[in-house]
J.: 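I have a structure I would like to understand better, so I am pasting it below and will then ask my questions one at a time.
Only heavy atoms go into these numbers, but all of them, side chains included; no hydrogens, no water, no symmetry mates. Heads up: numbering here begins at 1 and tracks the sequence.
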Amino acid sequence: MNIYEELNQKKRNGIKSFAVLLDPDKLDDVLFDSILKLCKESHVDYFFLGGSLLSKYNLPEIVAHIKQKASIPVVLFPGGYLQVEPTADAILLLSLISGRNADFLIGQHVVAAPIIKQSKLEILPTGYMLVDCGKQTTASYISNTTPLPYDKPSIAASTALAGEMLGLKLMYLDGGSGAYQPVHPEMIAAVCRAVACPVIVGGGLNTAEKALAALEAGADLIVVGTGIEKNASFLTEVGRQVSELNLKKDSYKL
């Protein structure tokens, strides 16, 4: 079963997932192995790998190291066409539908398409929506786009619906790295009501409580990143929250 089919099956069964976002520029060689070990112990479902701006290209080495130490799938989360790494398992082909910059709607994809076609990467067409969570992020600066207003869930829902009608298979609501606050639960719920596809939520989920709120609002997959850099044990808390939610779902079936 590929990742897209797995996410859809989980959504149908009400099963939640979580991913750890690894920024290549922020990985500490000394702590990397301990983070990978903790991810396995916390039953992390996926690694997302990439960033809005990379100061060095070390993706092949990172992917190889992950595959040596863990069996968790590696999904590219590219900030541009230069971040296509064929040795990963899949790629979020992000179309920045919250903005109006054609380069991030389709331009980068045109350049990357021949390279991706020649690889064995599973392609995950994803509607990417940046949300204003109180701080300008690298993603909004590099893309030169205006994020969705924090308190306008109807705009987010309509944007996601349009993306799904255009054929995008996943929706990703992102407050950005280091966001002051996470995407509001009302916005998550509105998007989940508007679309049938799996919904990913990331940015600002730096406590187990915030992660739980996103999941309870309807997110199918949450993404944590910056919180791990500051407090690795946070990962254990999130893993427990996800497991408990899924156990409750299984008990309801019984």
J.: Looking at every heavy atom in both P24 and N58, which two are closest together, and how far apart are they?
T.: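 Minimum heavy-atom contact is CB-OD1, 3.3 Å.
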
J.: With heavy-atom distances below 4.5 Å as the criterion, would you say the side chains of D220 and K10 are in contact?
T.: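 Of all side-chain heavy-atom pairs linking K10 with D220, none is under 4.5 Å.
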
J.: Verify, without hydrogens or angle tests, whether S158 (side chain) and I155 (backbone) share a donor-acceptor contact under 3.5 angstrom.
T.: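 No, because the side chain of S158 does not come within donor-acceptor range (under 3.5 Å) of the backbone of I155.
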
J.: State whether the side chain of D45 and the backbone N or O of F18 hold a donor-acceptor pair below 3.5 Å, judged by distance alone.
T.: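 At least one qualifying donor-acceptor pair exists.
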
J.: Would you say M187 ends up clustered with L161 if hydrophobic residues are merged whenever their side chains have heavy atoms under 4.5 Å apart, either directly or through other cluster members?
T.: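 Each belongs to a different hydrophobic cluster.
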
J.: Is there a side chain to side chain contact (heavy atoms under 4.5 Å, CB included) between I188 and H184? Walk through the geometry before answering.
T.: CA-CA 7 Å; I188 298 171; H184 198 287; over 6 Å; no

J.: Quick one: which residue pairs count as a salt bridge (charged side-chain N to carboxylate O under 4.0 Å, His left out) with a foot in residues 69-82, not counting sequence neighbours?
T.: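 Found none.
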
J.: Are S143 and N101 close enough that a side-chain donor and a side-chain acceptor fall under 3.5 Å?
T.: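 Judged by distance alone, the side chains do not pair up.
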
J.: Between CG of L121 and CG of D89, what distance do you get to the nearest 0.5 Å?
T.: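 So the CG of L121 and the CG of D89 are separated by 8.0 Å.
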
J.: Which atom pair, heavy atoms only, marks the closest approach of A217 to C192?
T.: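 Reported closest heavy-atom pair: O-SG, 4.4 Å.
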
J.: First locate atom CD1 of I116, then atom CD1 of I91, and finally report the distance between them rounded to the nearest 0.5 Å.
T.: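 Output value for this atom pair is 4.0 Å.
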
J.: Go through the side-chain N and O atoms of Q9 and Y4 and say whether any donor and acceptor fall under 3.5 Å apart.
T.: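 Side chains of Q9 and Y4: no pair found under 3.5 Å.
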
J.: Compare every heavy atom of C39 with every heavy atom of F47, then report the nearest pair and how far apart it is.
T.: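 Taking F47 first and C39 second, the nearest heavy atoms are CE2-SG, 3.5 Å.
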
J.: For L212 and L245, run side chain to side chain contact (heavy atoms under 4.5 Å, CB included): C-alpha distance rounded to whole Å, both residues' side-chain angles, the deciding distance at 0.1 Å, then the answer.
T.: CA-CA 9 Å; L212 179 61; L245 273 180; 3.8 Å; yes

J.: Taking C-beta and beyond as the side chain, do L221 and V201 meet within less than 4.5 Å on heavy atoms?
T.: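 No, every pair of side-chain atoms sits at 4.5 Å or beyond.
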
J.: Are the side chain of S42 and the backbone of V44 linked by a donor-acceptor contact shorter than 3.5 Å?
T.: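 Not confirmed, S42 side chain does not pair with V44 backbone.
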
J.: Between G175 and C133, which heavy-atom pair has the shortest distance, and what is it?
T.: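 In terms of heavy atoms, the two residues are closest at CA-SG, 3.7 Å.
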
J.: Could you state the interatomic distance from CG (L49) to CD (Q83), rounded to the nearest 0.5 Å?
T.: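 CD of Q83 is found 8.0 Å from CG of L49.
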
J.: For L105, is there any backbone N or O sitting under 3.5 Å from a side-chain donor or acceptor partner on S95?
T.: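 Yes, the answer is positive, given that a donor and an acceptor are paired below the 3.5 Å cut-off.
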
J.: Do D25 and L53 have side chains that approach each other closer than 4.5 Å (heavy atoms only, starting at C-beta)?
T.: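 No. Closest side-chain heavy atoms not under 4.5 Å.
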
J.: Can you tell me how far apart CG (L247) and CZ (R240) are? Round to the nearest 0.5 Å.
T.: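 The CZ atom of R240 is 12.5 Å from CG of L247, to the nearest 0.5 Å.
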
J.: Would you say L7 and L170 make side-chain contact, with heavy atoms under 4.5 Å?
T.: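 A side-chain contact exists here, since the closest heavy-atom pair is under 4.5 Å.
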
J.: After noting the C-alpha distance and the side-chain angles of L92 and L76, does the key distance pass the side chain to side chain contact (heavy atoms under 4.5 Å, CB included) rule?
T.: CA-CA 6 Å; L92 293 170; L76 298 176; over 6 Å; no

J.: Work out which heavy atom in A160 is nearest to a heavy atom in I97; give both atom names and the distance.
T.: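 Nearest pair, atom of A160 first, then I97: CA-CD1, 4.5 Å.
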
J.: Is it true that I106 and Y81 fall in one hydrophobic cluster, defined by side-chain heavy atoms closer than 4.5 Å?
T.: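 Each belongs to a different hydrophobic cluster.
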
J.: Can you check whether L36 reaches I66 side chain to side chain, under 4.5 Å on heavy atoms?
T.: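 Yes, side chains in contact.
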
J.: Can we call the ring centroids of Y180 and Y150 under 6.0 Å apart?
T.: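 No - the distance between ring centres of Y180 and Y150 does not fall below the 6.0 Å cut-off.
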
J.: Would you please say whether a donor-acceptor pair under 3.5 Å links the side chains of K169 and T126?
T.: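 The answer is no; no qualifying pair exists.
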
J.: Looking only at atom types and distance, does a side-chain atom of N2 sit under 3.5 Å from a main-chain N or O of E5, one as donor and one as acceptor?
T.: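 At least one qualifying donor-acceptor pair exists.
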
J.: Are the side chains of R100 and T145 in contact, using a 4.5 Å heavy-atom criterion?
T.: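 Answer no - side chains too far apart.
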
J.: So T138 and S177, do their side chains get closer than 4.5 Å, heavy atoms only?
T.: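 When only atoms from C-beta onward are counted, T138 and S177 do not touch, as no gap falls below 4.5 Å.
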
J.: Decide, yes or no, whether a salt bridge links K37 with E41 under the criterion of side-chain N to carboxylate O below 4.0 Å.
T.: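 So K37 pairs with E41 through a salt bridge.
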
J.: Would you say H109's side chain and L94's backbone share a donor-acceptor pair under 3.5 angstrom?
T.: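 Yes, the answer is positive, given that a donor and an acceptor are paired below the 3.5 Å cut-off.
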
J.: Taking ring pair (Phe, Tyr, Trp, His ring centres under 6.0 Å) as the definition, give me every residue that meets it alongside Y57, ordered by chain and number, with sequence neighbours left out.
T.: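 So Y57 forms no ring pair (Phe, Tyr, Trp, His ring centres under 6.0 Å) with any residue.
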
J.: With distance as the sole test, does Q241 use its side chain to make a donor-acceptor pair with the main-chain N or O of E209 at under 3.5 Å?
T.: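 Checked: no pair found.
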
J.: Roughly how far, to the nearest 0.5 Å, is the OH atom of Y128 from the CG atom of L173?
T.: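 L173 atom CG to Y128 atom OH measures 10.0 Å (nearest 0.5 Å).
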
J.: Pair L130, L96 - check side chain to side chain contact (heavy atoms under 4.5 Å, CB included), show working.
T.: CA-CA 8 Å; L130 290 173; L96 186 56; 3.9 Å; yes

J.: What class does the angle between the rings of Y172 and F48 fall in, given that below 30° is parallel, 30 to 60° is tilted and above 60° is perpendicular?
T.: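 Tilted.
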
J.: Could you check whether any side-chain heavy atom of L54 comes within less than 4.5 Å of a side-chain heavy atom of D23, counting everything from C-beta outward?
T.: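 Yes, close enough: below the 4.5 Å cut-off.
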
J.: Would L82 end up clustered with F77 when hydrophobic side chains under 4.5 Å apart are linked, directly or stepwise?
T.: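 Hydrophobic grouping puts L82 apart from F77.
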
J.: Distance check, rounded to the nearest 0.5 Å: L22 atom CG versus L27 atom CG?
T.: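 These two atoms lie 5.5 Å from each other.
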
J.: Considering non-hydrogen atoms only, spot the tightest contact between E164 and M171 and give its length.
T.: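 Nearest heavy atoms, E164 then M171: N-CE, 3.4 Å.
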
J.: Consider only side-chain heavy atoms of I, L, V, M, F, W and Y, link residues closer than 4.5 Å, and tell whether V111 and F104 are in one cluster.
T.: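 Result: no, two separate clusters.
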
